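Written out below as C-alpha cells is the structure these notes cover.
Worth knowing before you read on, the calculation uses all heavy atoms, side chains too, and leaves out hydrogens, waters and symmetry mates. Proteins get letters first, then strands, A, B, ... in listed order; numbering begins at 1 in each. Not measured: the values here are computed from a predicted model.
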Protein chains: 4
Amino acid sequence: MTSGQKGRDIPRTVEPRTAKAPKRDAERTKKEILAAAMTEFAEYGDTGARIDRIAERAGSNKAMIYSYFGNKEELYAVVLREAYLQIREGERKLDLAKLDPKSAIVELLRFTAYHFRDNPWFLRLLNTENQRRGQTIRQLDGLAELNSPLVEFLREILLRGEKSGVFRKGVDPVEIYLSIASLFYFPLSNTYTLSIVFDPDIGSDAWLEKRIRQAEDMILKYLIAD
Amino acid sequence: MTSGQKGRDIPRTVEPRTAKAPKRDAERTKKEILAAAMTEFAEYGDTGARIDRIAERAGSNKAMIYSYFGNKEELYAVVLREAYLQIREGERKLDLAKLDPKSAIVELLRFTAYHFRDNPWFLRLLNTENQRRGQTIRQLDGLAELNSPLVEFLREILLRGEKSGVFRKGVDPVEIYLSIASLFYFPLSNTYTLSIVFDPDIGSDAWLEKRIRQAEDMILKYLIAD
Amino acid sequence: MTSGQKGRDIPRTVEPRTAKAPKRDAERTKKEILAAAMTEFAEYGDTGARIDRIAERAGSNKAMIYSYFGNKEELYAVVLREAYLQIREGERKLDLAKLDPKSAIVELLRFTAYHFRDNPWFLRLLNTENQRRGQTIRQLDGLAELNSPLVEFLREILLRGEKSGVFRKGVDPVEIYLSIASLFYFPLSNTYTLSIVFDPDIGSDAWLEKRIRQAEDMILKYLIAD
Amino acid sequence: MTSGQKGRDIPRTVEPRTAKAPKRDAERTKKEILAAAMTEFAEYGDTGARIDRIAERAGSNKAMIYSYFGNKEELYAVVLREAYLQIREGERKLDLAKLDPKSAIVELLRFTAYHFRDNPWFLRLLNTENQRRGQTIRQLDGLAELNSPLVEFLREILLRGEKSGVFRKGVDPVEIYLSIASLFYFPLSNTYTLSIVFDPDIGSDAWLEKRIRQAEDMILKYLIAD
DNA sequence: TATGAATGAGTGTTCATTCAT
DNA sequence: TATGAATGAACACTCATTCAT
C-alpha cells in the first residue's frame with residue numbers, strides 16, 4: 001500500500017556538493033540524510049517511510065544512516081525535533097513586537113496560514129506523530145522550552161491589548177493560538193478530502209485569501225472588547 | 001516501527017454470533033471483516049494496518065478478506081466510505097430543524113465537538129487519507145451527494161437566521177461548517193503533540209467543555225448581525 | 001567467512017514426499033525444517049547458520065520457518081533439544097541390562113565411540129553451544145531428567161560390578177561417563193586439527209578400532225579391583 | 001544471534017603504549033591487532049568475530065587490519081598459528097627432562113589440565129577451526145615441525161620408563177598425549193553443557209583437582225608394567 | 001602510517017497475497 | 001464458504017571491505 005507520491009516541499013537546507021567540496025564530508029552527509037528523511041517521513045508517514053529511499057534521496061547509502069542516526073526510530077525522532085525547530089524559528093523571525101496588538105494578531109494569523117500552506121510537510125509530520133499517539137514526541141527533551149517563547153510573545157500582545165482597552169480581559173494566549181492554528185490546520189491538512197467532499201476550491205490561493213479574511217474577522221470579533 | 005496501540009474506539013456494528021447463527025454466513029462474515037478493518041485502519045493508518053490482524057480481529061481468515069474485498073487497497077476504500085456514512089448518519093439523526101437558528105448552530109457545534117472526541121478513529125481515518133493525498137477518496141462515487149444534506153441543512157438554518165434578523169447576511173454554509181469543524185479537529189486530532197508542547201490539559205473533559213464555550217462565543221459573535 | 005562445507009551427516013528423519021502425500025502438510029513441513037536446521041546449525045554453528053539455506057534445504061521458505069519456530073534463536077533451541085533427545089534415545093536402545101558389568105562397560109564405550117564418529121553433527125552442536133557459553137541450554141527445561149536415565153543405568157552397572165567383586169568401590173557413574181566420552185570426544189571432535197598436527201591417521205576406521213581397544217584397556221584397568 | 005560475551009582470558013602480550021612510544025609504530029600496531037584478533041576469534045568464533053570490534057579492541061582502525069593482514073580469513077590464519085606457537089612454547093618451558101618418568105607424566109598431565117583451564121581461548125580456537133573442518137590449518141606451513149618436539153619429548157620419557165622397567169613396552173607417545181589431552185579437553189571445553197546436563201560442579205576448582213587425581217590414576221595404571 | 005567515511009552484498013524478519021484442501 | 005499452508009517480494013539493519021584525506 002503506497003501512500004504518498006512525489007512531492008518535494010521541504011525547503012532545501014543543504015547546498016549541492018560543489019566540485020571543490022571534499023567527497024567525504026561527514027557533517028554534510030549527515031545533513032543531507034536528515035533533509036531526505038524529513039521529506040520521506042512527511043510524504044509517507046512513519047511506517048510508510050523507507051530507509052532505502054531516504055538513502056537514495058540523500059545520495060548516500062543505508063549504512064551511513066545507521067552509522068549517523070542509529071535506527072529508523074531515532075532518525076524519525078531527530079526529524080520531528082527538527083520540524084519544530086524550523087517552525088518556531090520562522091515565527092521568531094516575524095518580530096511583531098513593534099506592531100500594535102491588533103496588527104500583531106492579524107500578522108501572526110496570516111503568517112500561520114501561509115506557513116501551513118507552504119510547509120505541508122510539517123502538517124504531515126504532526127499527523128504522523130499523532131497517529132503514533134505521541135510515542136516519540138513524549139521522549140524529546142526541551143520541547144516545551146522550544147515552544148514557550150511563542151506563548152510568551154502572544155501573552156504580551158494580549159496584555160498590551162487589554163491595557164490599551166482594545167482587547168477584552170482574560171483571554172488565554174494558548175487558547176488564541178489554538179484558535180488561529182485550528183482555523184487553518186483543518187482545511188490545509190485535509191485539503192484532499194475536503195475538496196472532494198465539500199468544495200473543490202478549498203486549498204486554492206483565492207480560497208485561502210478569503211479564508212484568511214474570515215478568520216481575521218472571527219478572531220478579532222472574539223478578542224475586541226465591547 | 002510500530003505506530004498505534006490497543007484502542008478500541010469504533011462502535012460495534014456487528015452482534016456476536018449466536019448459537020443459532022449458521023457457521024457459514026457470507027453477509028455476516030463480510031460485515032465482521034469490515035468492522036475489524038475500520039478499527040485496524042484507524043489505529044494504524046494505511047501502511048501500518050495488517051491484514052493478519054484484521055483477519056484475527058474479525059475472527060475470520062485472510063483468504064476471506066481477499067475473497068470479499070479484493071485486496072488491502074480496496075478494503076481500505078470500503079472502510080473510508082463507511083466512515084463517511086456513519087458520520088453523516090449521526091448528523092442526520094440530530095434533527096435540529098425544530099430549533100431556532102442560534103440553538104441549532106450551538107447544537108451542531110456541540111455535536112461536532114463530542115463526535116470528534118468520541119470517534120477518534122474517524123479523525124485518524126481522515127488523517128490517513130490525507131497523508132495518502134486523497135488517493136482513494138478521489139475514486140469513491142457519490143461522496144458529494146452523501147455530504148450535501150449537511151450543507152443544505154446548514155444553509156437553511158443560516159437563511160432562517162438571516163430572515164429573522166439574528167444572523168448577518170451572506171455567510172456561506174460550508175464556511176461555517178469548516179470553522180466549527182476546524183476549532184475542534186485541530187486540538188482533538190493533535191492532542192498528543194499539543195498536550196506535550198503547550199498544555200497537558202488539552203483534550204481533557206474539562207478542557208473540552210471550556211473550549212466548547214469559547215468556540216460558541218467565537219462562532220456566534222461572528223454570525224450575529226450587529 | 002564461510003565455515004563449514006557440504007557434509008550431510010544427520011540421519012534422515014523425514015521420508016521424501018510421495019506422490020500420494022498432500023502438498024500442504026504442516027506437520028511434515030515442520031519436520032523437514034527441523035531436520036534442515038539440525039544439519040545447518042551443525043555445519044555452520046550458530047552465527048554461521050543461514051535461515052535462507054535452512055529454508056532451501058527444507059524445500060520450504062523462510063516465512064514458514066518463522067511461522068513455525070518464531071525466530072532463529074528459538075529454532076536453534078529446538079535443534080539443541082532434539083540433538084539430546086536423539087542421542088539419549090540411542091543409548092536407551094542399547095539395553096545393556098542383561099550383560100555382565102565388564103561387558104556392559106565395554107559395550108557402552110564402543111557405542112559411544114561409534115556414535116560420536118557416526119554423528120559428528122552432534123559433536124558440532126555441542127561445540128556450538130559451548131562457544132555460546134551455554135546461552136541456550138541453560139534455558140531448556142527437562143534436560144537433567146532427559147539425561148539422568150543414562151547416569152542411573154551406569155550407577156547400577158557399577159554397583160553390580162562392585163557386589164560381584166569385579167569393580168573396585170566408590171567409582172562415580174558421572175566420572176566414568178565423562179572418561180569414556182572424553183577419550184573419544186577429543187580426537188573425534190578435533191580430527192581436522194589433530195590429523196594435521198600429529199598424525200594423519202587420526203579419525204580413520206583403523207585408528208578408531210585401535211583407539212577403542214586402548215580405551216577399553218585404560219577404563220577397565222581403572223575400574224578393576226586389585 | 002550473538003554468541004560469546006565478555007571474557008578476557010588471553011594473556012596480554014603487548015605492553016600499553018607509553019608516552020615515549022611513537023604514534024606511528026607499524027610493528028606495534030600489528031601486534032596489537034593480532035592480540036585483539038586472538039581474543040575476538042576465541043570469544044566469538046570465526047563467523048561471529050567482528051572486524052569492527054577487533055579494530056576497537058586494538059585501539060586501531062579497520063583499514064590498518066586490511067593493510068597488515070589482507071582480510072579476515074588471513075587474519076584468522078595468523079591467529080591460529082599464533083595459538084599453537086604460544087601453547088607449545090608453554091610446554092617447552094616445562095623442562096621435565098630432569099624428572100623421573102612417572103613424575104614427568106604426572107607433571108605433563110597437571111600442566112595440560114591447568115593449561116586448558118587457564119586458556120579457554122585456546123580450546124575455543126581449536127573448536128572453531130574444527131567447526132571449519134580444518135579449512136585454514138590445512139594451509140599453515142610448519143605446524144608438524146612446531147608440534148613434533150612435544151612428541152619427541154614424550155617418546156623419550158616413555159623410553160626411559162620402559163628401560164627402567166616402570167612402564168610397559170610399546171606405548172605410543174601420540175596415543176598417550178591424546179589420552180591426557182582428551183581427559184581434560186572434553187569437560188573443560190564443554191563445561192557449559194555438561195554442568196547443566198550432569199553436574200553443576202563440573203569445571204570448578206575442586207572438581208578439577210579431583211579429576212586430575214582420577215586421570216593420574218587412570219593414565220599411570222595404564223602405563224605401569226605389571 | 002593512520003583514520004573515518006563510504007559502499008554493496010548480505011541477513012534476519014515481516015507481510016500482502018495465493019493455493020490446496 | 002471457509003481455513004491454514006505456502007510464497008516471494010520487501011524491509012530494517014549489519015558487516016566485510018575499500019576509498020579519500
Side-chain angles (χ1 to χ4, degrees), chain A residues 1 22-30 47-55 59-73 75, chain B residues 1-2 22-30 47-55 59-68 70-73 75, chain C residues 1 22-30 47-55 59-73 75, chain D residues 1-2 22-30 47-55 59-68 70-73 75:
Chain A
M1 213 160 183
K23 276 91 200 284
R24 309 258 166 142
D25 182 338
E27 211 48 51
R28 169 182 213 79
T29 302
K30 200 172 172 183
T47 49
R50 295 289 169 255
I51 292 287
D52 268 291
R53 262 192 316 243
I54 294 174
S60 183
N61 62 72
K62 290 187 283 178
M64 288 284 88
I65 297 179
Y66 285 91
S67 160
Y68 287 131
F69 294 93
N71 60 27
K72 195 182 174 185
E73 198 98 21
L75 175 57
Chain B
M1 214 161 185
T2 25
K23 289 93 196 280
R24 303 200 163 199
D25 181 338
E27 209 46 51
R28 170 183 209 79
T29 302
K30 199 170 171 183
T47 49
R50 294 289 168 257
I51 293 288
D52 266 290
R53 265 193 311 245
I54 294 174
S60 184
N61 62 74
K62 292 185 283 181
M64 289 285 87
I65 297 178
Y66 284 90
S67 157
Y68 286 131
N71 61 24
K72 196 183 174 186
E73 197 96 22
L75 175 57
Chain C
M1 213 159 184
K23 276 92 203 284
R24 310 258 165 143
D25 181 338
E27 210 48 51
R28 169 180 212 80
T29 302
K30 201 172 171 182
T47 51
R50 295 289 169 255
I51 293 287
D52 269 291
R53 264 192 314 243
I54 294 174
S60 183
N61 62 73
K62 292 190 283 180
M64 287 285 88
I65 297 178
Y66 285 88
S67 159
Y68 288 130
F69 295 93
N71 59 26
K72 195 183 174 185
E73 197 97 22
L75 175 57
Chain D
M1 214 159 187
T2 25
K23 288 96 199 279
R24 302 198 164 200
D25 181 337
E27 209 47 49
R28 172 183 207 79
T29 302
K30 201 171 170 181
T47 50
R50 295 288 169 257
I51 293 287
D52 266 289
R53 267 194 308 246
I54 294 173
S60 183
N61 61 73
K62 291 185 285 180
M64 288 285 87
I65 296 178
Y66 284 89
S67 157
Y68 286 131
N71 61 25
K72 195 183 175 186
E73 198 96 21
L75 175 56

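In secondary-structure terms, DNA chain F builds stems of at least 3 consecutive Watson-Crick or G-U pairs, each pair having both distances under 3.5 Å, at E:2-21 with F:2-21.
Contacts of A/Y68 with the nucleic acid, taken as non-hydrogen atoms under 4.0 Å apart, involve only primed sugar atoms and P, OP1 or OP2.
Here D/S67 does not reach the OP1 or OP2 of E/dA2: none of its side-chain N or O atoms lies under 4.0 Å away. Contact between the side-chain N/O atoms of B/T29 and the OP1/OP2 oxygens of F/dA2 is found at a separation under 4.0 Å.
The two residues A/Y66 and A/I51 have their closest heavy-atom pair at OH-CG1, 3.6 Å. Nearest heavy atoms, D/K72 versus D/T47: NZ-O, 3.9 Å.
Computed from coordinates, the D/N61 CG to E/dA6 C1' distance equals 14 Å when rounded to whole Å. Nucleotide E/dA6 holds its P atom 5 Å from the CE atom of A/M64, rounded to whole Å. Computed from coordinates, the A/D25 CG to E/dT3 C1' distance equals 15 Å when rounded to whole Å. Rounding to whole angstrom units, CD1 of residue A/I65 and C1' of E/dA6 are separated by 13 Å.
B/Y68 is linked by a side-chain contact (heavy atoms from CB on, under 4.5 Å) to B/A26, B/T29, B/K30, B/I33, B/M64, counting only residues two or more places apart in sequence or in another chain. Under the salt bridge (Lys or Arg N to Asp or Glu O under 4.0 Å) criterion, D/K62 pairs with D/D52, not counting sequence neighbours.
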(message) One character per nucleotide, please: for nucleotides 14-19 of chain E, 5' to 3', B when the base has a protein heavy atom closer than 4.0 Å, S when only the sugar-phosphate does, - otherwise.
(response) BBSBBB

